[in-house]
Amino acid sequence: MRHSDRTRFTAYANVNNLNDKRKPGRSDGWSPDAMMAGIRKEATGGIDYYADDKDKKWKVNGNIQLSHTNIDEQETTNRTNFLPGGDTYERIVKASQNTALQLSTSHALNLKFSQLALNIKPSANYQRYDNTRSTASQTFADDTLINSYISNGLTRGYRLNTALSADGVLKFKGTSDFMELTASARYSNAHDEEFDRYTLKVGSDDKASQYSDRYFNNHPDHNLSYNAGVHYITRISQQLNLTLGYDYEHSDNVRHSSLYLLDKLYNATDSAALSLGELPSMHEYESTLDPRNSYTSHLVSNSHIITPMLQYFKKNERGKWNAYARFPITLSARNLAYSRGEVDTLIHHRTTLFGISGNYITWESLDKKYNVFASYNIHSSLPDLINMVDMYDDTDPLNIKVGNSDLKNAYTHTVRIVGSKQLHEKGMVHSAQFDYKSTSNAFAVSNMYDRETGVRTCKTYNVDGNWSSDAGYQLMAMLGKNKR
């Protein structure tokens with residue numbers, strides 16, 4: 001560790017099995033909710049640095065960290081399926097061991113000029129992982145065995161994420177107007193190999209109805225995205241500010257996945273001669289390609305977002321008012337080229353989304369005795385284009401996925417009203433609140449359950465009628481002579 005008036009340099013290392021991934025010296029930011037599942041062992045080492053200019057015209061800081069993580073997890077699930085023809089019962093036991101070596105770095109450069117403040121932040125993260133897992137499950141109806149399933153898997157590969165962002169504030173001479181500028185770019189690249197062996201037995205027959213020894217090769221898998229925005233803020237009057245914003249967002253995602261059915265090369269008994277994670281020659285395993293469950297996906301998205309914003313504030317003899325209104329308009333264009341077996345499709349999805357976000361109005365009495373808050377927002381969601389492909393995915397034999405080309409945009413409306421009254425002399429606060437939320441065209445996954453085999457067929461639909469509401473009252477009182 002090295003410190004001076006203008007610089008700081010720190011090296012650190014840590015080894016623990018406390019399910020805690022914070023850097024040494026950090027005593028904040030942990031809560032039981034943040035505790036991870038399983039048993040986590042972590043070894044971490046890194047360097048932090050900081051430097052600035054005595055005239056406060058620039059400062060720079062950053063970090064580079066290397067960590068090794070091992071996580072062991074076990075999970076048991078008991079499930080009851082309530083069916084008109086009689087309930088069925090499932091017991092699922094899962095275990096996994098995940099190992100990862102990760103190198104990450106992030107930096108920040110802050111520059112100040114007479115009319116411009118600029119922040120530049122590059123970052124990168126590289127992870128190599130090796131994960132093993134096992135699953136055993138059985139499904140019963142009364143005392144009758146419907147199916148039993150055993151699976152062992154191994155996934156290994158790497159993942160690289162890089163990012164560069166910049167934001168700045170540009171001021172104009174002779175006016176209080178200013179402009180906010182933002183730009184960022186992200187690139188990710190991944191390659192993983194997945195090995196999976198499963199045995200599925202239907203009924204009490206000892207002979208497997210399905211056996212598979214599968215190899216997934218997921219590559220290429222990369223994504224490039226970038227965006228830029230400009231927001232101009234001006235004061236219309238003493239009580240009203242206007243912001244006009246424009247943002248452009250672009251993403252290009254390519255993913256290819258090949259599934260090879262290695263069990264076609266030998267029977268279930270002989271396949272044990274190859275350890276999980278081993279491959280025969282390329283010539284042999286390429287002959288076992290399963291085109292129906294191999295796919296290539298190329299998704300290109302472009303969005304133009306126009307956002308007018310108003311901020312109002314006023315103070316009079318009745319109290320202080322503050323209001324904020326934001327109305328984003330998004331012009332979205334997405335193109336998906338998707339091929340899977342006999343499916344070879346191109347989906348064009350263009351839509352205009354209207355939203356109301358971050359809107360609120362508040363009022364507070366001058367004596368701070370009364371306070372009222374109200375907000376109304378609309379959030380829009382686009383359907384995942386992959387779910388709109390007319391496909392049949394049975395890579396998981398107990399959970400089959402089917403596409404739906406008729407999906408629509410979803411809209412969620414939220415309302416919140418809060419009022420409070422403070423009795424300072426009594427040390428008491430009365431508070432009441434009301435919340436309401438409804439979604440039109442909500443995305444919901446339907447599961448068609450086959451009671452005879454225990455197989456679920458999943459399909460995404462739009463549904464209406466989803467809503468929730470709650471109201472509450474709270475009384476807070478200070479205790480003791482000093483009202484604390």
Side-chain angles (χ1 to χ4, degrees), residues 1 9-50 61-79 90-108 121-137 149-163 186-198 214-216 218-219 221-223 275-278 396 399:
M1 181 180 295
F9 179 86
T10 306
Y12 60 88
N14 181 38
V15 177
N16 74 75
N17 63 348
L18 303 175
N19 282 23
D20 190 353
K21 61 180 181 179
R22 293 175 297 175
K23 292 196 297 186
R26 291 288 301 275
S27 59
D28 61 334
W30 187 90
S31 68
D33 293 339
M35 191 169 181
M36 290 152 283
I39 300 174
R40 181 187 184 101
K41 301 177 182 178
E42 181 141 357
T44 302
I47 296 171
D48 290 337
Y49 71 89
Y50 173 90
N61 64 81
N63 164 270
I64 182 169
Q65 178 173 290
L66 179 66
S67 63
H68 181 273
T69 305
N70 185 282
I71 303 175
D72 290 322
E73 292 186 70
Q74 292 187 350
E75 176 184 322
T76 300
T77 303
N78 294 304
R79 178 188 294 159
E90 298 176 46
R91 182 174 176 84
I92 306 167
V93 179
K94 295 182 179 180
S96 65
Q97 183 178 65
N98 303 324
T99 303
L101 180 66
Q102 180 172 274
L103 177 65
S104 60
T105 182
S106 61
H107 309 269
K121 298 178 181 180
S123 63
N125 179 284
Y126 176 81
Q127 182 182 79
R128 183 168 287 276
Y129 49 86
D130 194 328
N131 305 329
T132 60
R133 65 187 181 278
S134 63
T135 301
S137 69
Y149 175 80
I150 297 177
S151 170
N152 292 285
L154 165 66
T155 303
R156 64 192 180 202
Y158 70 84
R159 194 167 301 276
L160 171 67
N161 296 297
T162 61
R186 295 179 179 272
Y187 176 76
S188 64
N189 188 21
H191 183 191
D192 66 58
E193 298 177 292
E194 180 180 351
F195 298 84
D196 178 67
R197 288 178 179 171
Y198 74 82
R214 305 183 296 180
Y215 167 57
F216 298 82
N218 301 317
H219 186 73
D221 183 357
H222 56 77
N223 180 62
S275 299
L276 189 67
E278 273 191 287
D396 183 344
N399 296 279

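Excluded from the calculations below are hydrogen atoms, water molecules and symmetry mates; all remaining heavy atoms, backbone and side chain alike, are included.
- Counting only N and O atoms by type, the side chains of N63 and Y12 include a donor and acceptor under 3.5 Å apart.
- Contact between G277 and F195 at its shortest, heavy atoms only, is O-CZ, 3.4 Å.
- Every residue two or more places apart in sequence or in another chain that forms a side-chain contact (heavy atoms from CB on, under 4.5 Å) with A43 is listed here: V15.
- Under the rule for a side-chain hydrogen bond (donor to acceptor under 3.5 Å, both in side chains), N131 has no partner lying at least two apart in sequence or in another chain.
- Distance check: Y149 OH to I92 CD1 gives 10.5 Å after rounding to the nearest 0.5 Å.
- No side-chain donor from either of N152 and S134 sits under 3.5 Å from a side-chain acceptor of the other.
- Residues that satisfy the side-chain contact (heavy atoms from CB on, under 4.5 Å) test with N223, not counting sequence neighbours, are S188, S225, S251, N253.
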Review item, side-chain donor-acceptor pairs of residues 122-130, under 3.5 Å, at least two apart:
unit_1	atom_1	unit_2	atom_2	d
Y126	OH	R128	NE	3.3
Y126	OH	R128	NH2	3.0
Q127	NE2	Q102	OE1	3.1

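- Not counting sequence neighbours, Q74 has no partner by the side-chain hydrogen bond (donor to acceptor under 3.5 Å, both in side chains) test.
- Here D196 pairs with R133, R214 under the salt bridge (Lys or Arg N to Asp or Glu O under 4.0 Å) rule; sequence neighbours left out.
- Not counting sequence neighbours, the partners of L101 by the side-chain contact (heavy atoms from CB on, under 4.5 Å) test are L66, H68.
- Residues I39 and N70 fail the side-chain proximity criterion, which asks for heavy atoms closer than 4.5 Å.
- Distance CD/E42 to CG/N16: 6.5 Å, rounded to 0.5 Å.
- With sequence neighbours left out, F216 forms a ring-ring contact (aromatic ring centres under 6.0 Å, His included) with no residue at all.
- With sequence neighbours excluded, no residue satisfies side-chain hydrogen bond (donor to acceptor under 3.5 Å, both in side chains) with S96.
- Note that NE2 of H222 is 12.5 Å distant from NE2 of H191, once rounded to the nearest 0.5 Å.
- By the ring-ring contact (aromatic ring centres under 6.0 Å, His included) test, Y49 pairs with H107, sequence neighbours left out.
- Put simply, the side chain of Y158 reaches to within 4.5 Å of the side chain of N189, judged on heavy atoms.
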*Evaluate the criterion side chain to side chain contact (heavy atoms under 4.5 Å, CB included) for residue pair T76 and R91; output intermediate values, then yes/no.*
CA-CA 7 Å; T76 300; R91 182 174 176 84; 3.7 Å; yes
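- Of all heavy-atom pairs spanning T44 and S67, the tightest one is OG1-CB, 3.8 Å.
- Minimum heavy-atom separation, A190 to H219: O-ND1, 3.5 Å.
- Note: S106 OG to D48 CG = 8.5 Å, rounded to the nearest 0.5 Å.
- With sequence neighbours excluded, the residues satisfying salt bridge (Lys or Arg N to Asp or Glu O under 4.0 Å) with E193 are R156.
- When side chains are defined from C-beta on, K94 does not count as touching T77, because their heavy atoms never get closer than 4.5 Å.
- Taking CG of N98 as the start and OG1 of T132 as the end, the distance is 7.0 Å to the nearest 0.5 Å.
- For the salt bridge (Lys or Arg N to Asp or Glu O under 4.0 Å) test, residues two or more places apart in sequence or in another chain that qualify with E90 are R79, R456.
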